[in-house]
Each structure stands twice: as structure tokens, then as C-alpha cells.
Amino acid sequence: MAVDSATSSPLGPPACEKDSKALQFIEEMTKNCDSVQENVLSEILAQNAGTEYLQQWCLNGATDRKTFKSKVPVITYEDLQPYIQRIANGDRSPILSSHPISEFLTSSGTSAGERKLMPTIAAEMDRRQKLYSLLMPVMNLYVPGLDKGKGLYFLFIKAEAKTPSGLVARPVLTSYYKSQQFKTRPFDPYNVYTSPNETILCVDAFQSMYSQMLCGLVYREEVLRCGAVFASGLVRAIKFLQLNWSQLALDIESGELSSKITDPAIRECISKILKPMPELAMFIREECCEGNWEGIITRIWPNTKYLDVIVTGAMAQYIPILDYYSGNLPQTCTMYASSECYFGLNLTPMVKPSEVSYTIMPNMGYFEFIPHDPSNPVTISRDSPPHLLDLADLELGKEYELVISTYSGLCRYRVGDILQVKGFHNSAPQFKFIRRKNVLLSIESDKTDETELQTAVENASELLKEFNTTVVEYTSYGDTKTIPGHYVIYWELLMKDPTFRPTDEVLDQCCLAMEESLNSVYRQSRVADNSIGPLEIRVVQNGTFEELMDYAISRGASINQYKVPRCISFTPIKELLDSRVISVHFSPTTPHWTAERRF
Ligand code: AMP
């Protein structure tokens, strides 16, 4: 029941007293965006004044924006790497942060093929928790009754590594799910999950998914919302159901958990939930046995009101398949966050994916913006800090690149995200996520750039040398029609001696060689998570790329400036390439990946 109008918020009537406080907090933050930002920067600079990093810029204790902007350079990960390396190697002096670095968060953005390491401090967990605590109060404004059932969320942890000095390095969500804040969260009727903690906290992707799906099926009538962090995760869960429904039904019929699930903590907690339920088993068989997956989400979980998944940015490619699986249920994107910093939330979560905008919460860090206009790029040099804009300076409709300073010690760090101002809530801009810079291919959290793809092609084409063959042109696209999705690379080959062509086996090995060259996030998705399928090379007839150029020129491209696009998405171009394919090759096995990483 909504609380009385005295506590009502401009965002809408809160569902309960706790929500009222959360909505009030959002109002305060967004009304006082600029002064909150000023305070945040001042706190960060005061807290970290004694760090080696800030000392070198001679702020002399100043904590104001003007001094900060005039003295501290705007940087990328490569600039930070020497400091990060020293922390990883065990230097515990205050290098970036005056608070001890509690762990490294490993970003899905990579540097030299490895996940970037983002230092974090213990207090940051509370800040993240605070942002999470705002999500349901906003959702409750739009969807009533979410306290009357459960959320089926497929949540996963990933393997951890240790730095030479013993600091843990793991993805931010693994860190969060393993935290006391998550594991011992107080009961909240609006936030009850079908997945027990034990099923989330198992690093084996199969066992974790199996047990979470099993619980989702057992509680199917109570499920009010289905989700995963990213859309790709929910698509993968449905694919898992397609492959494993028969065994799941068997377990539910017998009340006995499959022997494939060996994790003792999972077995223990499932034993309290699973009992013989023959009618439910029969229902699952009836729904799944014909292989019709249209509307499967609403058939199995009939009370689902919305899908809670990020479908903005690279995830937009999964909107059609989720529409198909769910009979067009609303897809809500609630949050915008990264390993470096959690940024903000969507204050109108029920809008269409194409209209989603995120409101950055000014208490999360200090945010600056580089105007992003490809026809008039801003030059960023370390020696003369450019004038960046503040949250309060941004203009409607314009695009900006995000730069952050955090309590954990990042100072004027370029995240790489391009955002566009779509509106304002009070004085806080609301941003559409436009794209991540330099990402060519992405199936789930992997981010492959043009240089990585080029290197992968070069490495793979080494195998063609003995056949006197070279790759003369190539392009690519991320195929998400297959589940899991996979990279498709088109190759045009020049064979000096057509009677001595590379064999199919060699071209298959080229697929693998490309995968071996790709970054560790890609390889982890292939090996540990099975969330990316084998890489495919499609060899096209000679002359195909010339046709591609002719096509582009016929559509207005300049002949002098024409460059082969290294990634394609336009359907007619894909069709043209596909119509010229002469052979198709897949990676015969998975590439090399281990949880151990280079530091
Ligand atoms: P990571 O560093 O692996 O935590 O990835 C963070 C990045 O994921 C962000 O910088 C964005 O590029 C992307 N991302 C996070 N949240 C969203 C969102 N809601 N919509 C689109 N992209 C997002």
C-alpha cells in the first residue's frame, strides 16, 4: 500500500516508508547536483591529499574544483598502470588512495589482453550498496505488488586471482555477491530472490546455473520478475533450459538433485527446497518437449511482470530474442555502473529500451565530461589539462565522454563511455548510453577493439604462410542469432598457388589461433562461462571486398577515403558477403584460459 501523500515524492507515491526515504534521497541529490559534486570532490581531495599520486600535482592542500582542474591531468589506464603495478606487487604506501586498497576489481575492459585492475577501498562497497538500495523504490513506483512474490535472477560469480602480494582481483559483481552486505542482507519483501546465496556463490557456471534454474522452476508461480545483469545472461539461461529441461524435470519429479551437482553447499540448500513434485515435472515436459520457445518465459513463469536486464549499449542486440522468449514483456534497465565506479540509475525504468536514460547520482564520485563531437575532437594532453565540463554544465542533446574521480583514488580517469544528455531530473542530467569507445565486437561482457582483431588476424594468418596464402581483406560481426553468440570473420584470401590451398583443418586452426590471440575476457567467456560460441571464419570469393567498396561508393562513400569497415552490421552488406562465401570454418576446440593471470 502506498504511504500517505505527506511523504509523497515528485517521482510518485512511494510504496512504503523505506521507499519514501530513498526517493527523498534521490530528490536531494538531483536538486543539489552541483553542490553535491563540489563536496564530493573536496572530500576526495582531502581524503587523498597525502597520496603520492596527488602530491605530484602540487595541489598544496587545495580541494576546490578550479585548482584541481588546472593541475591534475586527464588520464587513461595506461597512465595509471605503473602505480597499479606497484600496488599489485605489494607496495602498501598511500599511492593512489590514503585508505588501504582492499582488492582489485577486474574490469571487462582490457589492457594488453588482460582485464584492467581497478583499485578499490572497503568504504566503496557501502556506496555501491546505497545505489542498489535506490533501485526497488523506483521500480515500486511503476510496478505494484512486488513484495508479494519473488525475483528470478540469474546471478554468477567468476574465478578470482591473487596479485603477487596477495590482494584479491575479481570482477565487481563477484566482489559484491561475496560481500557481507549481500550475503547477510536484511530481509526485504521487495527483494526476495528464488536463488539461494549458495547457488549464486558457486564458481562452476554449470552447477550455479542448473541450481538457480531448478529453484526458479520450483517457485515458478511466485516469480514476479525475471532477470540477469545483462541481457546476454538471461538469453543464456533460457538456452540452458532448452538444453537441460529433461534432467531438471527428472529431478523435480523424483525430488533428487542430479548427481552432476557436486557442490556440497548447493546440495545442502537444495535438499531443503526440492521434494517430489510430479505435476510440476509434467508441466515442464509439456512446455518444453515440443521445442517451441516462443513466449517460454511467460508460459513457465506466468506472473512475470517485467524482465530486469540491461539492454542498452552492446546489449541492444538481444532485445528481439528476449521479446520472442517473453511475448514482449517490458525490458527494464535499472542501473549504469562499472568496476571503476557505480554511476547511477534509471528513474523511469518502464520506458522502451531505446528511450532509456540514466541519472548519474552525484554522490557516487566526481564526474567530468569531455564534449564528444567526432567532427571537432578535443585534444587531451597530459601537460596542459583541458577544461572539462561539470554535471551542471551539460547541454540537452549533446554527447560527452565520461571522466571520473573516485574515493578509491582514480583522478580524472577516462572511462571510455560516450553518453548523450536526453533530459534532466531536477538539475541532474539524464544520459542515454551511446557506446563504449573503441569496441568493435561484443557478445556479452567481452570488448574487442580494432587492434586486437587486427593482431588476431595477423597471428592466425601465420598458419597460411606455408601455403603461400595471405589474408588480403577481412571484416567481422558479432552473430547473436546463435546462442551463445559468436564472432564471424570474413576473409578474402590470396593464394599464390591455387593447386596448393590451405586445407580445411588449417583454416579451422586459424579460427583457434584467432581466439588464442583475443583478450582474456573473450577467452574466459569461451572456456569458463560458455557464453561465447566457437569463432567462425567465412572465406569469401576473390573480388568480394572490391564489390563491397563499389557498394559503399554507390551509396555515397568517397572513393579516396574509403576504408574497409572492420565490423559490419548493415544487413545488405552482410547479405552480399554471405552470398560470396566459399567455405566456412569453426574453431575446433576452446582457446587457452586459466583463472591465473599475469600481473
Ligand atoms: P566493467 O568495467 O566490466 O564493470 O564494465 C563497465 C562498462 O559496462 C561501462 O563502462 C559501460 O561501458 C558498460 N555498461 C555498464 N552499465 C551499462 C548500461 N546500463 N548500459 C550500457 N552499458 C553499460
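Counting convention: from 1, in listed order, for ligands and their atoms alike. Quick note: residue numbers are just sequence positions, from 1.
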Could you list each N/O atom of ligand 1 together with any protein N/O atom closer than 3.5 Å, one pair per line with the distance?
unit_1	atom_1	unit_2	atom_2	d
ligand 1	2 (O)	Ser107	OG	3.1
ligand 1	2 (O)	Ser339	OG	3.0
ligand 1	3 (O)	Ser108	N	2.8
ligand 1	3 (O)	Ser108	OG	2.5
ligand 1	4 (O)	Ser339	N	3.0
ligand 1	4 (O)	Ser339	OG	2.9
ligand 1	10 (O)	Asp417	OD1	3.3
ligand 1	10 (O)	Asp417	OD2	2.7
ligand 1	10 (O)	Arg436	NH1	3.0
ligand 1	12 (O)	Asp417	OD1	2.8
ligand 1	12 (O)	Asp417	OD2	3.3
ligand 1	19 (N)	Met335	O	2.9
ligand 1	19 (N)	Tyr358	OH	2.9
ligand 1	20 (N)	Thr312	OG1	2.7

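Geometric assessment of Arg127 against the ring of Tyr407 yields a positive cation-pi assignment under the 6.0 Å and 45° thresholds. A cation-pi contact, defined as under 6.0 Å to the ring centre and within 45° of the axis, links Arg597 to Phe599. For the pair Arg236 and Phe156, the cation sits on the ring face: its NZ or CZ lies under 6.0 Å from the ring centre, inside 45° of the axis. Both the sub-6.0 Å distance and the 45° axial angle are not jointly satisfied by Lys18 relative to the ring of Tyr190.
Here salt bridge (Lys or Arg N to Asp or Glu O under 4.0 Å) pairs that include residues 341-357, with residues two or more places apart or in two chains, are Lys352-Glu355.
In this pair, Tyr83 and Tyr53 present their aromatic rings perpendicular. The plane angle is above 60°, beyond the 30 to 60° band.
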